[in-house]
Student: 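The structure follows.
The structure displayed is predicted, hence computed values, not measured ones. Every chain is numbered from 1, with letters handed out A, B, ... down the list of sequences.
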Amino acid sequence: MKIFVGIAAMCLMASFATPSLAHDDTAEIKSKAITGEVPLDPNSDVWNDAKYLIVGMGPQNLVAPGLAKGTVSSVKVKSVHNGKDIAFLLEWYDPTEDDTETMMNKFSDAVAMMFPVKPGTEPTYMMGDPDNPVEIIYWKAAWQKDIDKGYQDVRDAYPNYNYDTYPMLNNMIDARGNPIEVKDGEIYKPVAPEDRAINTPIGKYTDAQKGYLPGLAVNNPRSRIDRTKPVEELNAIGFGTLTTEAVEGHANGKGIRSFGYWKIVLTHPLKGEVQDASFIGNNGHFMTAIAVWDGDKGNRGGRKNFSNGGWIPLWLEP
Amino acid sequence: MATVRNWQLGRDMEYPYEGNRPKRQITMFFDLNKCIACQTCTMACKTTWTSGKGQEAVFWNNVESKPYGFYPLAWDVKILDILGSQPWSGSTYKGKTIFEDTAMEEKVRGFLPDELDYMSPNLGEDEAIGIQTTEGDYIKGPTHKNWGFYLPRICNHCTYPGCLAACPRKAIYKRQDDGIVLIDQSKCRGYRECVKACPYKKAFYNNTTRVSEKCISCYPKIEKGEMSQCVTNCIGRIRIQAYKSTDLAKIRKNNVADFLVHVRKIALPLYPQFGTEPNNYYIPPIHVDLAYLTQMFGPGVENAIKQYRNAGNDKELLSALILFGNTEKISDTFKYDEKTDEAVSYDAEGKEIVRVPCTEPIYIRKVLNAKSGAFLTNNS
C-alpha cells in the first residue's frame with residue numbers, strides 16, 4: 001500500500017515538475033540583478049526591491065521516516081544576484097525557536113535549498129539520482145548559535161549540570177567536593193571552580209583527550225567545533241546518500257529571528273567548485289527545491305516539509 | 001519489506017531488509033538468579049567506553065531492579081503499551097512486532113524518550129511488587145508474595161536490529177564475523193531514529209559530538225577471543241559470552257551457547273515479541289511471578305525454571321552453568337568430566353581453557369587456630 005501511494009505521489013510530483021511551469025509568472029523565483037555585493041544580512045535594504053514568491057510546503061511522506069502532517073505551510077522566497085554570486089532570502093513562520101542539538105530530545109530548526117549540479121538537467125526531485133547529482137545548501141539554527149555564541153556543549157544546554165570527573169582530563173573531585181588536578185597519581189593542584197572539567201571547552205582538549213569524543217575523533221561534520229559558517233554544502237544522488245562536500249565551497253548564510261519568523265539568507269557563487277551547482281548559461285533558467293524543518297515537532301532528516309510543487313523554476317534576470 | 005525467519009517467534013516476519021545472518025553470533029548469558037545489582041559491570045563499561053563529555057547520562061550497560069526500575073524511565077512498559085496486548089499461541093507469536101503494522105511515515109514502531117528519562121538510572125530501585133500494604137504484613141507468615149529481581153542489560157546485538165532498520169543513512173551495520181552491531185561514527189548525522197526505534201533503548205545520543213553511539217560489545221576484546229568488560233568484571237559471575245550457531249540445522253550440543261539456548265532451552269531472549277531476535281539470553285529468576293516472566297521472556301519460562309531447579313541432577317547443565325565467570329577466554333566447546341567431577345572448557349583448537357569443580361571441596365576449620373592461638377568463632 002505504502003509503495004502504491006508513493007508511486008502515485010511521485011507521478012503527481014513529476015507532472016508538477018514539467019518545464020511548462022517554467023515561465024509561469026506565479027510560480028517562478030525571479031532573481032533580481034543588482035550591482036555590488038549580494039547581502040548576507042536578512043534585513044538589508046537590497047531585499048526591498050526583490051519580488052517574492054510564496055512556496056507551498058507539504059510533508060515528506062514518500063519515504064519513511066517522514067511526516068504524517070506538515071509542520072510549516074509556506075516559505076516566502078526572494079533572490080538577488082550580481083553576476084558573481086546569488087543570494088536567497090527565505091522567511092517562514094515558526095512560533096518556537098529551536099536552536100539546540102545539545103540535548104538528546106531536541107532538534108534544530110533548519111532550511112535547505114537543493115539545486116541540480118548541472119544546469120539544464122532534471123534530477124529526481126527526491127535528493128537527485130546517480131546520473132544527476134544535486135547540491136544542497138543547508139542552514140541550521142544550531143549552527144547559527146555555534147557561530148554566534150561558540151560551540152554549544154553540555155554546559156550551555158544545562159547551566160546547572162554537574163559531573164564529578166572526566167578521567168581523561170585528569171580532573172577529579174576531592175572528599176569535600178572540590179575539584180583537584182591529579183598528575184602521576186599525586187594531587188597536583190586544586191582547580192578553581194570555573195576551571196572544573198565540565199566547564200572546559202572541548203576546543204581546548206589535546207588530541208589525545210579528543211579521542212574520548214568519538215564523533216570528533218573521526219572528523220564527523222556533525223561534531224565540528226571549528227565551524228566558520230552556519231551552512232553546510234552537501235551532495236546527494238538519492239535517498240540516504242547525503243554527503244558533506246569534501247572540499248568546502250563558498251556558500252554562506254545567516255539566520256535571524258524576527259517576530260516569530262525565521263529570516264535566512266543563503267548565498268552561493270554562480271560558478272563554484274566542480275561538485276557545486278552552477279548558475280551559468282541555460283538562458284538564466286535554473287531550478288531549486290526547498291525543505292524546512294521545525295525542531296519543536298521533532299523534524300530532522302527525512303522528517304521535513306518540502307516544496308510540494310516539485311522543482312521551482314528559478315530565473316536570473318539579466 | 002522482506003520476509004525473514006525469526007525462530008524466537010516461531011514464524012516468519014516482516015523486516016525492511018533481506019535476512020542475512022552472520023557466520024556466527026556472539027551471545028551473552030545472564031543468570032538472573034545470581035545478580036545482586038552491585039553495578040560493577042556498569043562501572044566497568046562506563047570507565048572503559050563512555051567517560052567522555054556528552055556521555056554523562058549514557059550507560060551502555062545498566063542494571064535495573066524489576067518490576068519498577070527502569071533505564072531510561074519506563075522504557076519497556078512504554079513500548080509494550082504502544083504495541084498493545086499481543087497473543088502467543090504455544091511457542092508461536094501471533095501478535096505484531098515493532099516492524100509490522102507501522103504507520104506510513106515510520107519504518108519501526110517506537111518512541112523517543114525524554115531527556116529526563118535518562119537522568120535517574122534505575123528510578124524505582126528496589127521497590128518490590130506486593131510490598132506491604134498494611135502494618136505488620138512483613139511478619140505474617142513463613143512465605144511471602146513479595147518479589148523483585150535485578151535485570152542487567154546491554155545492547156542485544158539483534159539479528160534484526162530496530163536501530164539498523166530505522167537509520168535512513170545506513171550508518172548502522174551488523175558484522176558478518178561475529179554479529180556485533182555498530183554505528184559508523186563518521187556517517188551518523190544524529191537524527192536519533194535509532195534511539196527512537198531500538199525497543200531496548202540501547203542506542204544513545206552524545207550531546208557533545210551530536211551523533212549517536214551504542215554498545216560495541218568490547219569488540220577489541222572479542223576479536224582477541226576474550227569476553228567483554230561487563231562479563232569479566234562481574235563479581236557475581238552471573239555472565240558468560242559464547243558464539244552461537246546461526247544455522248539452526250547445525251546446532252552443536254557441546255557449545256555453551258547452543259546448549260543453553262537450543263538444547264536445554266534454559267536461557268531465554270528478553271522481550272522476543274519485539275521481533276528483533278535479540279542475542280542476549282537470560283536464565284529467568286525462579287521465584288518471580290510466572291505471568292510477569294512470560295511477558296518478559298516468552299513462553300519458555302516454565303521449562304527454564306524446571307531445568308534450573310534440576311541443575312543439581314543434570315551434570316551437563318551444571319557444567320555449563322558453572323563455567324559462568326570462571327574464565328575470560330571465549331569457550332568453543334565444553335564437557336562434564338565424570339572422573340574428576342569438573343566442568344571443562346576448550347577453545348576452537350580444542351585446547352583446554354579452564355577446569356572448574358562442579359562441587360566445591362569442603363574445608364572444616366578448627367575452632368582453635370593452633371598457630372596464632374586465636375579462637376576462630378563468634379559463638380563463645
Student: If I take atom NZ from residue A:Lys210 and atom OG1 from residue B:Thr209, how far apart are they, to the nearest 0.5 angstrom?
Tutor: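 Between atom NZ of A:Lys210 and atom OG1 of B:Thr209 there are 13.5 Å.
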Student: When only pairs under 4.5 Å are counted, which of A:Thr100, A:Val154, A:Val63 shares the most heavy-atom pairs with chain B?
Tutor: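 Ranked by contacts with chain B, first place is A:Val154.
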Student: Just verifying a value: how many Å separate A:Tyr151 OH and B:Thr208 OG1, rounded to the nearest 0.5 Å?
Tutor: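 Spacing of OH (A:Tyr151) from OG1 (B:Thr208) equals 6.5 Å.
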Student: Count the heavy-atom pairs under 4.5 Å between each of B:Ala197, B:Gly190, B:Ala57 and chain A, then report the option with the highest count.
Tutor: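 Option with the greatest count: B:Gly190.
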Student: Could you go step by step and tell me if B:Arg210 and A:Gln152 meet the side-chain contact (heavy atoms from CB on, under 4.5 Å) rule?
Tutor: CA-CA 10 Å; B:Arg210 305 178 190 176; A:Gln152 297 295 293; 3.6 Å; yes
Student: Are B:Asn207 and A:Thr102 linked by a side-chain donor-acceptor pair shorter than 3.5 Å?
Tutor: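 No, because no side-chain N or O of B:Asn207 sits under 3.5 Å from a partner of the opposite role on A:Thr102.
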Student: Evaluate the side-chain proximity of A:Phe107 to B:Arg192: yes if any heavy-atom separation is below 4.5 Å, no if none is.
Tutor: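 They are in side-chain contact.
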Student: So which of B:Lys170, B:Gln185, B:Glu193 has the biggest tally of heavy-atom pairs under 4.5 Å with chain A?
Tutor: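 Sorted descending by pairs with chain A, the first entry is B:Glu193.
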Student: Check whether B:Lys196 gets within reach of chain A through its side chain, its backbone, both or neither, counting any heavy atom under 4.5 Å.
Tutor: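 Side chain only.
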Student: Please give me the minimum heavy-atom distance between B:Glu115 and A:Asn105, naming the atom from each residue.
Tutor: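 It is N-ND2, 3.4 Å.
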Student: Specify the closest pair of heavy atoms between A:Pro65 and B:Pro168, including all atoms of both residues, with the distance to one decimal.
Tutor: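 Here A:Pro65 and B:Pro168 meet closest at CD-CB, 4.0 Å.
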Student: Most heavy-atom pairs under 4.5 angstrom with chain B, which of A:Gly215, A:Gly298, A:Pro59, A:Gly302?
Tutor: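 Heavy-atom pair counts peak at A:Gly215.
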Student: Output, in order, the C-alpha distance, side-chain angles, deciding distance and verdict of side chain to side chain donor-acceptor pair (under 3.5 Å) for B:Gln55 and A:Tyr166.
Tutor: CA-CA 10 Å; B:Gln55 299 170 319; A:Tyr166 300 93; over 6 Å; no
Student: To the nearest 0.5 Å, tell me how far A:Leu242 CG sits from B:Arg169 CZ.
Tutor: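 Nearest 0.5 Å value for the CG-CZ distance: 5.5 Å.
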Student: Between A:Leu67 and chain B, with a heavy-atom cut-off of 4.5 Å, which part of the residue counts as in contact: side chain, backbone, both or neither?
Tutor: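 Only the backbone of A:Leu67 comes within 4.5 Å of chain B.
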Student: Counting heavy atoms not belonging to B:Tyr219, are there more than 12 under 6.0 Å from its OH?
Tutor: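 Check fails, neighbour count at 12 or below.
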Student: Would A:Met104 and B:Asp114 count as a side-chain contact (heavy atoms from CB on, under 4.5 Å) here? Give the steps.
Tutor: CA-CA 8 Å; A:Met104 66 78 48; B:Asp114 190 80; over 6 Å; no
Student: Under 4.5 Å, counting heavy-atom pairs only, tell me which of B:Ala166, B:Ser51, B:Ala171 racks up the most with chain A.
Tutor: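 The answer is B:Ser51.
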Student: Taking A:Glu101's backbone N and O only, do any of them form a donor-acceptor pair with B:Tyr205's side chain (distance below 3.5 Å, no angle check)?
Tutor: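 Yes, B:Tyr205 side chain to A:Glu101 backbone: donor-acceptor pair under 3.5 Å.
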Student: Is A:Ala68 close to chain B through its backbone or its side chain, or both, or neither, when contacts mean heavy atoms under 4.5 Å?
Tutor: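 It is both, since atoms from each part get that close.
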Student: Measuring from B:Ser186:OG to A:Arg222:CZ, what's the distance to the nearest 0.5 Å?
Tutor: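 Going from the OG atom of B:Ser186 to the CZ atom of A:Arg222 covers 13.5 Å.
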Student: Do you know which two heavy atoms are closest between A:Pro214 and B:Asn206, and how far apart they sit?
Tutor: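 Of all heavy-atom pairs spanning A:Pro214 and B:Asn206, the closest is CD-ND2, 4.5 Å.
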Student: Got more than 12 heavy atoms from elsewhere within 6.0 Å of OH, A:Tyr212?
Tutor: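 At most 12 heavy atoms, drawn from other residues, nucleotides or ligands, come within 6.0 Å of this atom.
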Student: Would you give the length of the straight line joining atom NZ of B:Lys53 to atom OH of A:Tyr205, rounded to the nearest 0.5 angstrom?
Tutor: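 These two atoms lie 4.5 Å from each other.
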Student: May I ask you to check if A:Arg303 and B:Tyr191 form a cation-pi contact, with NZ or CZ under 6.0 angstrom from the six-membered ring centre and within 45° of the axis?
Tutor: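 So A:Arg303 doesn't make the cation-pi contact.
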Student: Given that the side chain runs from C-beta out, which part of B:Phe204 has a heavy atom under 4.5 Å from chain A: side chain, backbone, both or neither?
Tutor: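 For B:Phe204, neither part sits under 4.5 Å from chain A.
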Student: For A:Gln60, is it the side chain, the backbone, both or neither that has a heavy atom under 4.5 Å from a heavy atom of chain B?
Tutor: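 For A:Gln60, neither part sits under 4.5 Å from chain B.
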Student: Between B:Arg189 and A:Thr244, which heavy-atom pair has the shortest distance, and what is it?
Tutor: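 It is NH1-OG1, 3.5 Å.
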Student: At a 4.5 Å cut-off on heavy atoms, which part of B:Val108 comes close to chain A: side chain, backbone, both, or neither?
Tutor: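 Interface part for B:Val108: neither.
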Student: Heavy-atom pairs under 4.5 Å with chain A: which of B:Cys167, B:Pro113, B:Gly54, B:Ser212 has the most?
Tutor: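 Maximum pair count with chain A is reached by B:Pro113.
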Student: At a heavy-atom distance under 4.5 Å, which candidate from A:Asn219, A:Asp146, A:Thr241 has the highest pair count against chain B?
Tutor: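 Greatest number of close heavy-atom pairs with chain B: A:Asp146.
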Student: Rounded to the nearest 0.5 Å, how far apart are OH of A:Tyr161 and CE of B:Met119?
Tutor: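 A:Tyr161 OH to B:Met119 CE: 4.5 Å, rounded to 0.5 Å.
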Student: What pair of heavy atoms forms the shortest contact from B:Val211 to A:Ser223, and how long is it?
Tutor: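 Taking B:Val211 first and A:Ser223 second, the nearest heavy atoms are CG1-OG, 4.4 Å.
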